[in-house]
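Here the structure is laid out as C-alpha cells; the discussion comes afterwards.
All values below come from the heavy atoms of this structure, side chains included, with hydrogens, waters and symmetry mates left out. In this text the structure is predicted, and so the values were computed from the model without any measurement.
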Amino acid sequence: MRKIFLFFALIIMLSGACKNILDVTPTRVVGEENMWNVMEDARAGLIGVYGLCRSALADNNRFWYYGDVRMADFDGTTREDIKSIHNNELNVQYPLVQDLSDWRRFYAAINAANLFIERAPEIFKKDPRYTEQNFNLDMAQARVLRAFLYFYIVRLWGDVPLITTSHDGEFANKKREDQQKVLAFAANELIASVQYLPYRFNGAFPEQTGQYYGRNIDNWESDLVRKHTAWGILAHIYAWQGNYAETARYAQLVMDAESNLGLATAAFPINGSNIRRMFRGEVNDEVKAVVLGFGHRWRPAETSFTGTIEGLTLAQPLVNNRLIQAIYVPKDTILSIYKEAKDDRFGIDTLTKNVTSDLWFTGFDRPYPMFKKIFAVADVSVQNTNVPIAYFSSTTVVNRMEDIALLLAEAKAVLNDRPGAIVILNKIRTKHGLPVYNPLVNGEAVDAVFSERRRELLGEGHRWYDLVRYKKIKNNDLEFNDLIQSGGIYWPINRNLLIQNPLLIQNTYWQ
C-alpha cells in the first residue's frame, strides 16, 4: 500500500521535474491485492490519472513542441533538433524528435484511467464512505481525462489504437483504429460524463456537495475537470472534424456557464497585464477562466525545472542560470502578429521603432526576443547566495474561456453568422486596447478570428492545430492541402513501437 501512494505522490510532485521517473516504463503497481478497497485508494488512483496526464504533456516539453514549434511561431535559437521540428522534418534521428514520435506516455495515462474505471466500482461496493455521488464524480473525471487523451493523440497521429481496458504493464498489440471511431468514442464518453460533473468544486452544486475528499475549493480550483471542461473538449473535437454546428453548440454551453463559474467581466477576465495570475494558479477570476489545465503550483511542491514553457523561453536576465533560451519568436513574426497599434500585449511605434508595450515580449533589440507572457518563476535562490534559479510553477493551460470564445467565433464565421462572430471578436479585441473589427483592416471575419487566436493564445499550445483547421477552411494553399491529404500533418510513429507491435503501420507520409 505504501508503495502505491509513494508512486502516485512522486508522479504528482515530480512529473516534469525528474527525468528518471518519467523514463521508467509504467508498471501495474496498483494491481496489488490490497488496493481498490477503501475510499483513499480511489483518491490515490484518480490523482494518479491526473498526474500521468500532466506527465504526458510535460515530458520533454511535448505540449509546446507539438503545438507551438511545429510549423508554428516559435523556432529554435541554436538547437538543430528544435529547428527540425519547426520545419516539419520529423524523420530525423535526433533523440528529442524520436521521443516526441512515441505515444507511450499518453497510453500510460490512458491505462491508468482504464484501470480506475474498472476497479473503482469495487471500492463503491466495499467502503460505505465512498458515496454514490463521490463514485459517480470520480468515474466521470476519469472518463473525461481518457477522452481528452484520445482526442489529443488523434490530432498528433491520426489513426491510433483504441484501448479501453487495462493491461498488466505491457502495451497490447492492437491495430490502429480509424480516427473518426476514436473521436466518436471520446465524444460519447464526454457527453455521458457531463451529468455527474459540477461547474466548480465548491460544494454548491448538486453533483458535488460539501468538501471533496476533505478539502475546500482553494485546493481544487482549476485542478479538476468540471462540466464546462467536457463541453470545451467536445467543442474542439467537433471543430477538428469540421462539424461547426456542434462546435458552436458546445462552445456556447461553455460561455453560458459564466454565471455558475462566478466569472466577472463577461467571461473575459484576461488582458495583457493580468494573464500571469492565471498561469500562476492563484485563486482569482483569472484562474476561473481555465477550462482545462494541469498545475505546477509552488505550495503543493509541484514546481519543476522542466515541463513548463518557461524552461524553453526564459534566460538571462529573467533567470540567471541560462545564457540563451531554447525557443523564441523571430522579430518579423512578432511584428506580423502584433501589427495593430495600442495592443496591450505587444506594440511598436512604426515611426520611432520604439516598443510601446512589452508585456508579452522583452529584449526586442536583441537577436532573440524573449517571450515572457507566461512567467511563473518560483522565488528560489542557490543556498547562501542571491542568485535566482530557473524553477518554474506555471499551469499548463490546455483550454481557457478566451480560447473557447474564439472557437465559437470561428464556428459562427464558418456557419455564415458573421455578426455573431464579430461580437465575440470585438469583446476580445477591445479587452486588449484594439479598435473594433474593421473588414478593411482585418479582412474577412474568419481570417480576423484566426488572427486573434494567434495573438491571444501564443505560447499556449494551439497554433499548429489552429493552422490545420484554418487551411482546411480556406482550402487555398495547395502545398498545405497536399500535406493534409497525404497525412503529413501527423507525426510519424516511433520505430520502436513499430518493431514491438507488428500490427502497427507507419503513417503513409513518413514511410
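- With values rounded to the nearest 0.5 angstrom, L478 atom CG is found 8.5 Å from D482 atom CG.
- Here the CG-CG distance, from L57 to L52, works out to 11.0 Å after rounding to the nearest 0.5 Å.
- Put simply, the side chain of L312 reaches to within 4.5 Å of the side chain of Y65, judged on heavy atoms.
- Between H432 and S357, the closest side-chain pair of non-hydrogen atoms is not below 4.5 Å.
- Of the possible polar contacts, one joining the N426 side chain to the Y437 backbone as a donor-acceptor pair under 3.5 Å is found.
- R429 places a side-chain N or O within 3.5 Å of a backbone atom of P435 that can act as its donor or acceptor partner.
- Under the 4.5 Å side-chain criterion, counting only non-hydrogen atoms from C-beta, R79 is in contact with L96.
- Residues N496 and Q98 bring no donor and acceptor atom of their side chains to less than 3.5 Å of each other.
- With respect to the salt-bridge test (charged N to carboxylate O, under 4.0 angstrom), the residues D403 and R453 qualify.
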Start with the C-alpha gap between Q179 and W157, add the side-chain angles, then the distance that decides, and say whether side-chain contact (heavy atoms from CB on, under 4.5 Å) holds.
-> CA-CA 9 Å; Q179 60 181 284; W157 286 281; over 6 Å; no

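- Shown here is Q485, whose CD atom has no more than 12 heavy atoms of other residues, nucleotides or ligands within 6.0 Å.
- When all heavy atoms are compared, the tightest approach of F480 to M71 is CE1-CE, 4.0 Å.
- In this structure, H86 contributes its side chain and V69 its backbone to a donor-acceptor pair below 3.5 Å.
- Formation of a donor-acceptor pair under 3.5 Å by the K331 side chain with backbone atoms of R366 is found in this model.
- Residues V291 and W231 fail the side-chain proximity criterion, which asks for heavy atoms closer than 4.5 Å.
- A salt bridge links R62 with D59: at least one charged nitrogen is closer than 4.0 Å to a carboxylate oxygen.
- Atom CD of E444 is surrounded by 12 or fewer heavy atoms from other residues, nucleotides or ligands within 6.0 Å.
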Kindly determine whether H236 and F148 satisfy side-chain contact (heavy atoms from CB on, under 4.5 Å), including the steps that lead there.
-> CA-CA 10 Å; H236 269 287; F148 161 69; over 6 Å; no

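- Using cut-offs of 30° and 60° on the angle between ring planes, the pair W360 and Y338 is perpendicular.
- Ring pair F346/F364 is tilted by interplanar angle, where 30° to 60° counts as tilted.
- Atom CG of L156 is separated from atom CZ of F106 by 6.0 Å, given to the nearest 0.5 angstrom.
- Here the side chains of K412 and V423 are not in contact, with every heavy-atom distance at 4.5 Å or above.
- A salt bridge links E246 with R249: the closest approach of a Lys/Arg side-chain nitrogen to an acidic carboxylate oxygen falls below 4.0 angstrom.
- Using a cut-off of 4.0 Å between Lys/Arg side-chain N and Asp/Glu carboxylate O, D73 and R454 are scored as salt-bridged.
- Residue E410 comes nearest to V449 through the heavy atom pair N-CG1, 3.7 Å, listed as atom of the first residue, atom of the second, then distance.
- Residues K175 and E177 are paired through a salt bridge, judged by an N-O separation under 4.0 Å between the basic side chain and the carboxylate.
- Here CD of Q252 is found 5.0 Å from CG of L408. Values are rounded to the nearest 0.5 Å.
- Ionic pairing of R345 and E456 is present here: one or more N-O contacts between side-chain nitrogen and carboxylate oxygen are shorter than 4.0 angstrom.
- Residues Y470 and D447 bring a donor and an acceptor atom of their side chains to less than 3.5 Å of each other.
- Within the 4.5 Å cutoff, side-chain heavy atoms of L90 are placed close to those of R70.
- The minimum heavy-atom distance between I348 and L335, with the atom names listed, is CG2-CD2, 3.4 Å.
- Between the side chain of D81 and the backbone N or O of V97 there is no donor-acceptor pair closer than 3.5 Å.
- Looking at every heavy atom in both residues, A421 comes nearest to A409 through CB-O, 3.4 Å.
- Classification of the Y250-Y238 ring pair by plane angle, with boundaries at 30° and 60°, yields parallel.
- Salt bridge annotation for K431-E402: absent, with no cationic side-chain nitrogen under 4.0 angstrom from a carboxylate oxygen.
- The aromatic ring centres of W510 and Y490 sit 6.0 Å or more apart.
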Kindly indicate, with the supporting measurements, whether the criterion side-chain hydrogen bond (donor to acceptor under 3.5 Å, both in side chains) is fulfilled by N442 and E340.
-> CA-CA 10 Å; N442 306 117; E340 294 186 69; 3.2 Å; yes

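- The main-chain N or O of L440 is found under 3.5 Å from a side-chain atom of N438 such that the two form a donor-acceptor pair.
- Remark: Q511 CD is packed, more than 12 non-hydrogen atoms of other residues, nucleotides or ligands lying under 6.0 Å away.
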Please lay out, stage by stage, how N61 and I327 fare under the test side-chain contact (heavy atoms from CB on, under 4.5 Å).
-> CA-CA 11 Å; N61 298 301; I327 64 174; over 6 Å; no

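- Counting all heavy atoms, side chain and backbone alike, A376 lies closest to E310 at N-OE2, 2.9 Å.
- The structure places CG of L359 at 13.0 Å from CZ of F375, a figure rounded to the nearest 0.5 Å.
- Taking the six-membered ring where the residue is Trp, W103 and Y107 present perpendicular rings, their angle passing 60° and hence far from 30°.
- Judged by distance alone, the side chain of K373 and the main-chain N or O of G459 form no donor-acceptor pair under 3.5 Å.
- A side chain to side chain contact (heavy atoms under 4.5 Å, CB included) with R176 holds for exactly one of L503, V182, L504; it is L504.
- Within 6.0 Å of NZ on K342 lie no more than 12 heavy atoms contributed by other residues, nucleotides or ligands.
- Remark: L434 CG to D343 CG distance equals 4.5 Å, nearest 0.5 Å.
- Panel note: side chain Q506, backbone I493; a donor-acceptor pair is recorded below 3.5 Å.
- Few gaps surround NZ on K372; more than 12 heavy atoms of other groups in view lie less than 6.0 Å from it.
- Residues R155 and W464 fail the side-chain proximity criterion, which asks for heavy atoms closer than 4.5 Å.
- Considering only heavy atoms from C-beta on, K83 comes within 4.5 Å of D75 through its side chain.
- Side-chain N or O atoms of N507 include one that pairs as donor or acceptor with a backbone N or O of W491 at under 3.5 Å.
- Of the residues D223, T395, V398, the one that meets the side chain to side chain contact (heavy atoms under 4.5 Å, CB included) test with F294 is V398.
- Considering all non-hydrogen atoms of both residues, T313 and F371 come closest at OG1-O, 3.6 Å.
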Verdict with reasoning, F279 to I309, per side-chain contact (heavy atoms from CB on, under 4.5 Å) | CA-CA 11 Å; F279 286 103; I309 192 171; over 6 Å; no

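- Between the side chain of T308 and the main chain of S394, no donor-acceptor pair closer than 3.5 Å is present.
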